[in-house]
Number of protein chains: 2
Amino acid sequence: MKSKITLKKIAKEFDVSISTVSKALKGSHEISKEVREKIKAFAAYYNYKPNSLALNLRNQKTKTIGLIIPEIVHHFFTKVISGIEHVANERGYNVMICLSNESYEKEILNMDMLANGIVDGIIVSVAKETEEKETYNHFKELINNGIPLVLFDMVIEEINCNKVITDDIGGGYLACNHLINMGCKRIAILTTPDHISVGIKRKKGYLKALHENNYPIDEDLILKIDEKNSIEDQINNLFELTNPPDGIFGVNEIYAATAIKIAHKKGLEIPDDIAIIGFTNGLISNFTTPPLTTVAQHGSTMGERALELLLDEIEYQDTDYKYKTEVIKTDLIMRNSTKKIPKNTFK
Amino acid sequence: MKSKITLKKIAKEFDVSISTVSKALKGSHEISKEVREKIKAFAAYYNYKPNSLALNLRNQKTKTIGLIIPEIVHHFFTKVISGIEHVANERGYNVMICLSNESYEKEILNMDMLANGIVDGIIVSVAKETEEKETYNHFKELINNGIPLVLFDMVIEEINCNKVITDDIGGGYLACNHLINMGCKRIAILTTPDHISVGIKRKKGYLKALHENNYPIDEDLILKIDEKNSIEDQINNLFELTNPPDGIFGVNEIYAATAIKIAHKKGLEIPDDIAIIGFTNGLISNFTTPPLTTVAQHGSTMGERALELLLDEIEYQDTDYKYKTEVIKTDLIMRNSTKKIPKNTFK
DNA sequence: AAACATTACGCAAACGTTTTCGTGTTAATA
DNA sequence: TATTAACACGAAAACGTTTGCGTAATGTTT
């Protein structure tokens, strides 16, 4: 277990100064060809690599960016990470991923850790707890310290920085409108409690579509799912209404897939008896029976744009930098959970 | 955009030396109470945090560990990450996640990057390309440089380091045995090409179970899926055999879920006409129709153990450290894709 | 031979921190 | 009053790197 080779050790080996070694390895003509070559050979043999910490300290930049996300066991976030990694590779940056687990405390802990010189900038999707608490001082401090910040997905209006968000309203509209086009008359929405902004926005789109088509709004069909209790039970209640829905829009993949599961249990045919549409084109959607029609939110595009914005800010020279908010459009992915086809051909 | 506050700046502010500031902030009694307090107050106001790069450089350790995985859009790896994060938090470490995208080149790139002082140790699941190439010099160099290494999931026999692996043989045995118990007579396996070790091992377990029960081995029922071509088409061929299987073991979740999809298309009843079992209890398994029976490999446990082993090595003082290989057992998760129940109650 | 240019290297500062060892001043003791 | 102890702080080295500047020893001009 020999320890890492350094300039100092090489210098000692050849009885020259550290600067000579440094210059030799950089191929400087200040150093005679002879000395240069032998130092290079020696360094190559011992696999010398300059210590990043020292380099970063000297250069006052690390070519590393930090990413804080609420959870990792989540298809959307893994797609975002892919997008970020992609751009990071292209532009020579590394990514440090931290998890907040939706906790306010951990979000701050992670930010403090990253902000101490380790990274050149930070990308964050805000934790649910932070959103509930509505205390955003840690973001303001970060910005005050001159560390570039990009918020994505879960963003905060009042923080002045670059942002990348999904067009949740448009996506909700797309979903609901599609169900209307498919002939559904009573369209339910499986959404989140009122403190989760993405749920609110997707519901907004849903309401907009209903309104434009002169559909009445039935509060019984708006189910705010409390994740502390059984999702299945809550959705089950919807099916037991005296006047049950014939179309369901789940604001995420799990809600929609669970609705499919329950519809099966109830002996309902999908999409003939009930059409179901989800949000986020994740792993599950393609493997339900029938496959789930869904609103795709382009996670990797969001990741790419988030990092691009961050790097723009990091590498910006002038003083008049203007923050942007980018809205990533959603797309409808049509599968069989909403496609009305003649009964006899669907099994 | 004021830049970060440092000891030097605080020292200047009060016209004292840097060391005085450092000691004051650490509450040293060498510094008079008066000076100590005012420096502390000032530092708190400006939110002083010591620069991590400088600290790490000085301490010759970073309390950060590196993780290199082949891909992130993958339920198993996200579970592993959760496990690692969990232990890292408990023991005051940070995690830097890098993706190799199954590429040999990127794996080396990532390792070089991490090895230059950024991390105290590295956890790796080897990329497929590396496994194919069978060139492992980068691992040997790492170990020669005295950087602790733990391999997990995809490991390499000949590398001398700590390892954490799934009991793939046992899992394959579990799966096949279960199908036998359920009364299947012709059991197919959807596995990987021969250079992927996990596929080989799971197949080994499958063969062992067949052998113990005096089942003949039918090469037609051993399908090595080539992911460069359509998975669906390849599995479809299995169903078209003159003597098709009545039980299918997919060595991962996608293969098994795809088999379910195709069985539906063929109008087969699951599990009555054909029973299907998967490997890895991921997101999909719970939402197929019927839900997929599967062999669970405990990803988060693997992550936890991997980091614990790594930290043991990092923090080990004596010279007689012995490497271990931990085998994580698998469990059978019973769902309806294999459970034979009377036809009329299953829909 | 004097003046100058070139070659080949070393010195030292800087990045931000911690910590050991001095050291000057004051206060307490003999 | 001389010696010592306590106090309160500063200097400097160390972690590993890069780079501007200085300089001794050559080599090249007039």
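Chain identifiers are assigned alphabetically (A, B, ...) following the order of the sequence lines, protein sequences preceding nucleic acid strands; residue numbering begins at 1 within each chain. Atoms considered below: every heavy atom in the structure, side chains included; atoms not considered: hydrogens, waters and symmetry mates.
No donor-acceptor pair under 3.5 Å is formed between the side chain of B:Asp120 and the backbone N or O of B:Ile65. Here the side chain of B:Thr78 pairs no donor or acceptor atom with the backbone of B:Phe76 at under 3.5 angstrom. At least one donor-acceptor pair closer than 3.5 Å links the side chain of A:Asn110 to the backbone N or O of A:Leu99. Without hydrogens or angle criteria, B:Asp15 side chain to B:Ala11 main chain gives no donor-acceptor distance under 3.5 Å.
At the heavy-atom level, B:Tyr48 lies under 4.0 Å from the strands shown only through sugar-phosphate atoms. Among the atoms of the strands shown, only primed sugar atoms or phosphate atoms (P, OP1, OP2) are found under 4.0 Å from some heavy atom of A:Leu55. Here A:Gln60 lies in heavy-atom contact (under 4.0 Å) with sugar-phosphate atoms only.
Each of B:Asn59 and B:Ser32 was matched to the nucleotide of DNA chain D holding its nearest heavy atom; the match closer to the 5' end belongs to B:Ser32. Toward the 5′ end of DNA chain D lies the nearest nucleotide of B:Ile31, the other residue of the pair B:Ile31 and A:Leu7 mapping further downstream.
Rounded to an integer number of Å, the gap from NZ of A:Lys33 to P of C:dA8 is 12 Å. The interatomic distance linking A:Asp15 (CG) with C:dA8 (C1') rounds to 15 Å, in whole Å. One atom, CZ of A:Phe14, and another, P of C:dA8, lie 17 Å apart when rounded to the nearest Å. B:Lys26 places its NZ atom 15 Å from the C1' atom of C:dT20, with the value rounded to the nearest Å.
For the pairing with A:Leu151, the side chain to side chain contact (heavy atoms under 4.5 Å, CB included) check across A:Ile123, A:Ile122, A:Val126, A:Asn162 returns one residue only, A:Val126.
Taking a heavy-atom distance under 4.0 Å as the criterion, the stretch of DNA chain D touched by chain A extends 5' to 3' from D:dC15 to D:dC21.
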Next on the checklist: Would A:Tyr323 and A:Glu313 count as a side chain to side chain donor-acceptor pair (under 3.5 Å) here? Give the steps.
Outcome noted: CA-CA 9 Å; A:Tyr323 292 120; A:Glu313 188 183 348; 3.2 Å; yes
Next on the checklist: Pair B:Tyr136, B:Thr130 - check side chain to side chain donor-acceptor pair (under 3.5 Å), show working.
Outcome noted: CA-CA 7 Å; B:Tyr136 309 131; B:Thr130 306; over 6 Å; no
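Applying the side chain to side chain donor-acceptor pair (under 3.5 Å) rule to pairs touching residues 82-103 of chain A yields A:His86-A:Glu304, A:Asn89-B:Lys106, A:Arg91-A:Glu315, A:Tyr93-A:Glu315, sequence neighbours excluded.
If you check residues 16-23 of chain B against DNA chain D, the residues with a heavy atom closer than 4.0 Å are B:Val16, B:Ser17, B:Ser19, B:Thr20, B:Lys23, listed by number.
Side-chain contact between B:Val95 and A:Ile97 is absent, with no heavy-atom pair separated by less than 4.5 Å.
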